[in-house]
Amino acid sequence: PEYADILLVESTYGAKLHPKGNLKERLKKIVLDTVLKEGTLIIPSFAVERAQTLMYFLWQLQKEGAIPKLPMYLDSPMGANVLDLFSKYLDWHKLDEAACKEMCDAFHIVDKFSETQKIIENKQVKIVIAGSGMITGGRVLSYLQKYLEDPSTSILLAGFQAEGTRGRSLLEGCEELKIYGHYYKVRAEVFNEDSLSAHADQSEILDWLSEIQSSPQKTYIVHGEPHASDVLRVKLQDELGWKVEIPELYSIHELG
């Protein structure tokens with residue numbers, strides 16, 4: 001934006017910077033480590049765009065011969081529906097029809113839950129992308145019931161994990177996870193990849209705001225945990241000299 005009288009800005013990663021470097025190389029290493037352990041790579045994923053982005057990178061790695069051709073599954077009904085939209089509305093993204101079909105063909109798109117059970121029982125080395133992204137529900141829970149206690153399992157957290165979610169617990173190194181009323185020991189290896197997040201980090205937020213030609217009358221920081229919001233508040237006040245406020249839930253602010 002070039003001008004703003006009142007600005008609302010999110011702060012999910014207001015206190016962090018995304019990792020630099022080659023995402024594909026980091027993903028390749030995780031896959032190869034899992035193959036070496038003869039295990040299963042489970043990627044809890046958000047259904048809209050995140051799952052498709054992961055599919056794209058894994059397909060590219062297989063196509064380049066950087067990782068072996070092992071079975072890859074998309075087990076997310078909503079993710080599959082979004083994938084259909086990718087195929088239908090090709091002018092909305094950068095993949096042409098042939099590439100989109102090739103990417104989809106590299107994966108087995110799981111339909112029924114009975115298929116999920118068969119995949120879970122199959123001990124072959126494989127990659128599974130399943131919802132939900134923060135492990136709050138979805139089919140990924142069924143996979144974790146089977147594989148969480150297996151040291152050969154790798155779990156890749158591919159996005160922001162909010163406080164109070166199972167994903168956040170794994171991120172913070174919990175020793176056990178409660179799923180459907182039972183506790184499971186965390187023996188799987190857990191990886192995190194912030195750079196896949198759809199949320200900008202602190203530097204990207206500041207870069208986005210840098211085009212504003214005059215100070216907004218008031219800037220409100222929203223959509224972030226307290227620490228992240230406060231760090232961004234201090235940054236905006238110190239570097240830009242803006243009037244910044246973190247509104248409380250249900251508070252009312254009159255704009256005039």
Side-chain angles (χ1 to χ4, degrees), residues 1-2 4 6-30 42-58 76 79 82 93 129-138 140 154-174 189-212 215-216 218-249 251:
E2 295 181 3
I6 304 295
L7 173 70
L8 278 74
V9 60
E10 68 120 322
S11 58
T12 305
Y13 287 106
K16 292 186 68 176
L17 300 178
H18 292 324
K20 304 299 180 184
N22 193 318
L23 168 63
K24 278 175 67 178
E25 281 300 311
R26 294 195 295 271
L27 189 55
K28 169 187 166 183
K29 184 179 184 305
I30 294 170
I42 300 172
I43 311 179
S45 176
F46 305 103
V48 181
E49 191 176 10
R50 189 67 44 77
Q52 295 76 27
T53 300
L54 287 161
M55 289 175 67
Y56 174 80
F57 282 121
L58 291 167
S76 167
V82 174
H93 57 78
I129 301 172
S132 65
M134 297 187 194
I135 321 180
T136 54
V140 73
S154 299
I155 300 170
L156 173 59
L157 301 173
F160 183 74
Q161 305 296 320
E163 284 187 8
T165 64
R166 293 185 184 89
R168 184 61 164 263
S169 295
L170 284 178
L171 188 62
E172 293 177 346
C174 68
E189 189 171 5
V190 179
F191 299 90
N192 182 49
E193 188 52 69
D194 280 343
S195 65
L196 280 165
S197 176
H199 295 277
D201 67 9
Q202 187 191 85
S203 66
E204 291 166 333
I205 293 171
L206 291 171
D207 180 61
W208 185 73
L209 297 176
S210 67
E211 298 295 321
I212 296 179
S215 299
K218 182 67 73 70
T219 295
Y220 293 99
I221 294 181
V222 297
H223 196 82
E225 293 175 1
H227 174 68
S229 297
D230 195 55
V231 169
L232 185 61
R233 176 188 65 81
V234 172
K235 193 81 172 177
L236 294 179
Q237 288 179 167
D238 289 351
E239 291 201 2
L240 303 178
W242 290 359
K243 295 179 180 178
V244 185
E245 189 170 339
I246 304 171
E248 294 183 3
L249 187 63
S251 60

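Hydrogens, waters and symmetry mates play no part in the numbers below; they use all other heavy atoms, side chains included. The first residue of the sequence shown is numbered 1, and numbering continues consecutively from there. This is a predicted model, so every value here is computed, not measured.
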Practice problem: Give, for atom OH of Y220 and atom CZ of R233, the distance between the pair rounded to the nearest 0.5 Å. | Solution: 14.5 Å

Self-check item: Short side-chain to backbone donor-acceptor contact, H18 and H199, under 3.5 Å
Solution: yes

Quiz item: Looking at S195 and R26, what are the two nearest heavy atoms and their distance?
Solution: OG-NH2, 3.2 Å

Quiz item: Looking only at atom types and distance, does a side-chain atom of Q237 sit under 3.5 Å from a main-chain N or O of V234, one as donor and one as acceptor?
Solution: no

Exercise. State whether the number of non-hydrogen atoms from other residues, nucleotides or ligands found under 6.0 Å of H227 atom NE2 is greater than 12.
Key: no

Quiz item: Got a donor-acceptor contact below 3.5 angstrom from the Q161 side chain to the G159 backbone?
Solution: yes

Practice problem: Look up atom CG in L196 and atom OG1 in T53, then write down how far apart they are to the nearest 0.5 Å. | Solution: 7.0 Å

Exercise. Evaluate the side-chain proximity of F191 to E193: yes if any heavy-atom separation is below 4.5 Å, no if none is.
Key: no

Quiz item: Taking all atoms of both residues into account, what is the closest heavy-atom pair of L206 and E239, and its distance?
Solution: CD1-OE1, 4.2 Å

Exercise. Check whether any side-chain N or O of E163 sits under 3.5 Å from a backbone N or O of E225 as a donor-acceptor pair, and report yes or no.
Key: no

Quiz item: Does NZ belonging to K28 count more than 12 external heavy atoms closer than 6.0 Å?
Solution: no

Practice problem: Identify the two heavy atoms, one from F160 and one from F46, that lie closest to each other, and give their separation to 0.1 Å. | Solution: O-CZ, 3.7 Å

Quiz prompt | Heavy-atom check, side chain of I212 versus side chain of L7, under 4.5 Å | solution = yes

Quiz item: Are the side chain of Q202 and the backbone of G14 linked by a donor-acceptor contact shorter than 3.5 Å?
Solution: yes

Exercise. Using modelled atom types only, decide if a donor and an acceptor are shared between the side chain of R50 and the backbone of S45 within a distance under 3.5 Å.
Key: no

Quiz prompt | K218 side chain reached by I6 side chain, heavy atoms, under 4.5 Å | solution = yes

Quiz prompt | Side-chain (S11) to main-chain (V222) donor-acceptor, under 3.5 angstrom | solution = yes

Exercise. For Y13 and A200, work out which heavy atoms get closest and say how close.
Key: CB-O, 3.4 Å

Quiz item: Taking atom OH of Y56 as the centre, does the number of heavy atoms from other residues, nucleotides or ligands within less than 6.0 Å exceed 12?
Solution: no

Practice problem: Considering non-hydrogen atoms only, spot the tightest contact between L157 and P44 and give its length. | Solution: CD2-CG, 4.3 Å

Quiz prompt | Spacing of CG belonging to D194 relative to OG1 belonging to T12, to within rounding of 0.5 Å | solution = 11.0 Å

Quiz prompt | CD on E49 to CG on L54, rounded to 0.5 Å | solution = 10.5 Å

Quiz item: Does any non-hydrogen side-chain atom of L27 lie less than 4.5 Å from one of L156?
Solution: yes

Exercise. Start with the C-alpha distance between I135 and T165, add both sets of side-chain angles, then the distance that settles side-chain contact (heavy atoms from CB on, under 4.5 Å), and finish with yes or no.
Key: CA-CA 7 Å; I135 321 180; T165 64; over 6 Å; no

Quiz prompt | Flag if over 12 foreign heavy atoms under 6.0 Å of CD, E211 | solution = no

Quiz prompt | Approximate separation, where rounding is to 0.5 Å, of L8 CG and I221 CD1 | solution = 10.0 Å

Practice problem: Answer whether the closest heavy-atom distance between the side chains of I129 and S76 falls below 4.5 Å. | Solution: no

Quiz item: When rounded to the nearest 0.5 angstrom, what is the spacing between CD in E25 and CD1 in I30?
Solution: 11.5 Å

Self-check item: Heavy-atom closest pair, residues I43 and A158
Solution: CG2-CB, 4.1 Å

Quiz item: Any sub-3.5 Å donor-acceptor pair from Q52's side-chain atoms to A47's backbone N or O?
Solution: yes

Quiz prompt | L209/T219 under side-chain contact (heavy atoms from CB on, under 4.5 Å): CA gap, chis, key distance, verdict | solution = CA-CA 11 Å; L209 297 176; T219 295; over 6 Å; no

Self-check item: Backbone of G137 reached by a side-chain donor or acceptor of S132 within 3.5 Å
Solution: yes

